[in-house]
Amino acid sequence: QTPLVDGLTLLLVGREGYGRVRAWGSLAFIGGVTGLGAVIAGISSRIWLAAVACACAMLLASFLLPTTDHEDPA
């Protein structure tokens with residue numbers, strides 16, 4: 001199955017423009033990851049401590065979310 005974003009892209013740009021959109025998206029991803037890697041490499045190791053602390057805080061906060069009373073349709 002085609003992922004939702006790919007399906008929407010096909011719907012909006014058609015088959016002729018799909019390859020161009022995917023190519024630019026891939027180039028933007030590669031450039032963004034490369035740039036972010038350079039930024040992280042220039043920051044001290046304390047960034048990892050902050051990232052782990054934020055991830056733990058989000059995990060703990062997820063336990064406070066209310067439960068739903070909806071039944072599973074399956």
Side-chain angles (χ1 to χ4, degrees):
Q1 291 184 4
T2 304
L4 181 61
V5 173
D6 284 348
L8 287 173
T9 303
L10 268 173
L11 181 69
L12 293 173
V13 299
R15 292 194 183 275
E16 295 80 26
Y18 181 73
R20 186 177 55 239
V21 170
R22 287 289 303 224
W24 279 107
S26 296
L27 286 172
F29 175 78
I30 291 169
V33 168
T34 302
L36 185 59
V39 168
I40 290 175
I43 297 175
S44 68
S45 62
R46 289 183 294 173
I47 189 76
W48 298 111
L49 180 60
V52 170
C54 287
C56 290
M58 287 189 292
L59 176 67
L60 293 175
S62 71
F63 291 117
L64 300 174
L65 292 173
T67 59
T68 59
D69 295 334
H70 301 288
E71 293 183 18
D72 187 15

* Structure fact -> For Leu27, the other hydrophobic cluster members (4.5 Å side-chain criterion, sorted by chain and number) are Trp24
* CD1 of Ile30 to OG1 of Thr34: how many Å apart, nearest 0.5 Å? -> 7.0 Å
* **Residue pairs fulfilling salt bridge (charged side-chain N to carboxylate O under 4.0 Å, His left out) with at least one residue in residues 29-39, sequence neighbours excluded** => none
* **Leu64: hydrophobic cluster co-members (side-chain, 4.5 Å)** => none
* Applying salt bridge (charged side-chain N to carboxylate O under 4.0 Å, His left out), which residue pairs with at least one partner in residues 18-29 are found, sequence neighbours left out? -> Asp6-Arg22
* To do: List in chain and number order the residues that pass side chain to side chain contact (heavy atoms under 4.5 Å, CB included) with Leu36, two or more places apart in sequence or in another chain; answer none if no residue qualifies.
  => Ile40
